[in-house]
Amino acid sequence: MAALRNAARPDIRAARRLVVKIGSALLVGGEGLRTGWLKGLADDVAAARGRGTQVILVSSGAIALGRRVLGLPAGALPLEQSQAAAAVGQIRLARAYEEALAPHGITTGQVLVTLEDTEDRRRYLNSRATLETLLGLGVVPIVNENDTVATDEIRFGDNDRLAAQIAVTVGADQLLLLSDVDGFYTANPRQDPAATRFDVVAEITPEIEAMAGDAVSGISKGGMRTKLLAAKTAVAGGCAMAITEGSVDRPLDALAAGAACTWFLGQGDPQAARKRWIAAMKPRGEIRVDAGAEAALRAGKSLLPAGVTAVAGRFGRGEPVAILSAAGAGLGKGLVRYTAEEARAIAGRRSGDIQAILGYPGRAALIHRDDMVL
Ligand code: GLU
């Protein structure tokens with residue numbers, strides 16, 4: 001364990017793409033929205049962007065804000081009431097971020113997702129494309145679960161895991177959970193005075209898993225267990241994850257200055273993790289390409305319909321297919337952006353003809369290079 005504690009700690013100032021999860025308890029206090037704290041966070045976000053870091057905020061607080069407005073009692077709410085509270089609170093939550101970031105010249109966008117948006121491949125590719133476009137336009141996406149439509153069976157329920165899923169979806173290299181504890185401990189520090197905090201966890205072993213109790217704080221959903229699940233998702237996606245105490249002023253600044261925290265190190269980088277993920281999928285069909293397309297793929301290009309000579313199998317949008325050479329040799333695998341039927345219709349045709357053939361404008365590439373492994 002000593003070796004784990006001494007491993008190098010990632011630097012948040014070096015993040016290329018950073019997802020920050022903000023728990024309800026940080027944002028909403030006894031007096032309502034904690035605007036002073038939020039202002040500090042906005043300063044942190046502006047500073048990170050000034051360093052060239054792209055930032056996505058995953059924020060809880062919709063239910064906590066909404067229940068105050070509606071005067072709902074403390075404690076767990078029945079599902080319908082928490083959905084109603086989320087509907088009332090989310091609009092205020094998004095507004096609060098907009099007002100905090102606008103003085104820095106930062107545009108915000110609201111993105112509400114459900115578990116299905118990350119599990120269903122077609123919707124996963126859609127959320128990925130939307131977030132990518134927002135980031136490309138310089139927007140800071142404010143993400144939350146779409147609590148008003150998500151029922152218990154189909155919801156994340158906690159934003160720790162949602163944030164990890166978002167981090168992996170966009171290929172973030174760092175995820176920061178701002179929490180009411182300053183890291184991951186050998187036991188629950190509130191119950192066991194002998195508990196000690198890890199600085200760095202290089203690998204999530206069964207021993208580490210056994211240390212995550214079930215601590216749940218007052219108004220937040222996630223305990224250490226959900227944080228560890230989030231860490232597993234993040235690190236497998238090549239994203240490093242930190243847990244730190246978020247209630248201090250300018251928590252990102254504090255972390256950069258050496259505040260107590262636990263880092264879970266990512267396995268490799270996000271791009272490599274995504275390729276591993278695609279490589280492990282079972283193809284649902286085959287797409288045969290000509291020699292020109294093969295050369296383009298080898299040069300790192302996307303697969304355009306023009307280079308496709310044959311399409312076999314039944315697949316939907318976002319599903320994995322095998323890519324074969326003209327001679328039928330396996331070249332690689334990729335997530336296809338059209339259904340098998342559509343792919344047959346546009347095979348061999350120019351991207352500019354897609355609208356005329358299908359009746360609607362589609363994406364130019366049949367398989368984007370980011371969704372392909374050779
Ligand atoms: N999505 C919920 C909200 O905004 C919070 C879930 C959580 O606390 O993790 O109120």
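Remark: the backbone N or O of R363 is paired with a side-chain donor or acceptor of Y338 at under 3.5 angstrom. Here the side chain of S24 pairs no donor or acceptor atom with the backbone of S60 at under 3.5 angstrom. No donor-acceptor pair closer than 3.5 Å links the side chain of R369 to the backbone N or O of L297. A donor-acceptor distance shorter than 3.5 angstrom exists from the side chain of W37 to the backbone of V248, with no hydrogens or angles considered. Side-chain atoms of R128 come within 3.5 Å of backbone N or O of T169 as a donor-acceptor pair. One N or O on the side chain of D269 and one on the backbone of A272 form a donor-acceptor pair closer than 3.5 Å. Judged by distance alone, with hydrogens and angles left aside, the side-chain atoms of R274 form a donor-acceptor pair with the main-chain N or O of D370 at under 3.5 Å. Distance alone, capped at 3.5 Å, is enough to place a donor-acceptor pair between the R49 side chain and the G138 backbone. A donor-acceptor pair is defined here as one N or O able to donate and one able to accept, closer than 3.5 Å; such a pair exists between the side chain of T186 and the backbone of T196. R68 places no side-chain N or O within donor-acceptor distance of the main-chain N or O of A64, the cut-off being under 3.5 Å.
Here the side chains of M224 and N188 are not in contact, with every heavy-atom distance at 4.5 Å or above. At a threshold of 4.5 Å between non-hydrogen side-chain atoms, the residues Y97 and L27 count as touching. When side chains are defined from C-beta on, L366 does not count as touching L304, because their heavy atoms never get closer than 4.5 Å. Put simply, the side chain of R16 reaches to within 4.5 Å of the side chain of P270, judged on heavy atoms. Residues D160 and L229 form no side-chain contact, since every pair of their non-hydrogen atoms from C-beta on lies 4.5 Å or further apart. In this structure, E145 and V58 have side chains that are not in contact, with every pair of non-hydrogen atoms separated by 4.5 Å or more. For the pair R349 and I357, the minimum side-chain heavy-atom distance is below 4.5 Å. By the 4.5 Å heavy-atom criterion applied to side chains, H368 and L335 are not counted as neighbours.
Atom-to-atom distance recorded for T35:OG1 and L41:CG is 12.5 Å, nearest 0.5 angstrom. In this structure, the separation between CG on L252 and CD1 on I12 is 4.5 Å, given to the nearest 0.5 Å. Here the NZ atom belonging to K39 is positioned 13.5 Å from the CD atom belonging to E99, to the nearest 0.5 angstrom.
The two residues A8 and V200 have their closest heavy-atom pair at O-CG2, 3.9 Å. Smallest separation of non-hydrogen atoms from M372 and I278: N-CD1, 4.1 Å. Smallest separation of non-hydrogen atoms from I323 and G334: CD1-N, 4.3 Å. When all heavy atoms are compared, the tightest approach of L72 to Q81 is CD2-OE1, 3.6 Å.
If you chain together hydrophobic residues whose side chains sit under 4.5 Å apart, L265 and Y185 never meet in one group. Hydrophobic clustering, with ILVMFWY side chains joined whenever heavy atoms are under 4.5 angstrom apart, keeps V20 apart from V168. Residues L358 and V308 fall within the same hydrophobic cluster, defined by Ile, Leu, Val, Met, Phe, Trp and Tyr side chains chained together at heavy-atom separations under 4.5 Å. Put simply, L112 and V143 are part of two different groups of oily side chains (I, L, V, M, F, W, Y) that touch within less than 4.5 Å, one to the next. Residues I56 and V139 are members of one and the same hydrophobic cluster, defined by side-chain heavy-atom contacts under 4.5 angstrom among Ile, Leu, Val, Met, Phe, Trp and Tyr.
E132 has a carboxylate O that lies under 4.0 Å from a charged side-chain N of R17, or vice versa, which qualifies the two as a salt bridge. A salt bridge is absent between R9 and D11; no separation between the charged side-chain nitrogens and carboxylate oxygens falls under 4.0 Å.
Test L18, V19, I243 against L175 for side-chain contact (heavy atoms from CB on, under 4.5 Å) and you get one pass: V19.
Checking S247 against E245 by side-chain atom types alone, a donor-acceptor pair falls below 3.5 Å.
Judged as a side chain to side chain donor-acceptor pair (under 3.5 Å), and not counting sequence neighbours, D253 has no contacts.
Applying the side-chain hydrogen bond (donor to acceptor under 3.5 Å, both in side chains) test to residues at least two apart or on different chains, the pairs with a partner in residues 316-332 are R284-E319, R317-E342.
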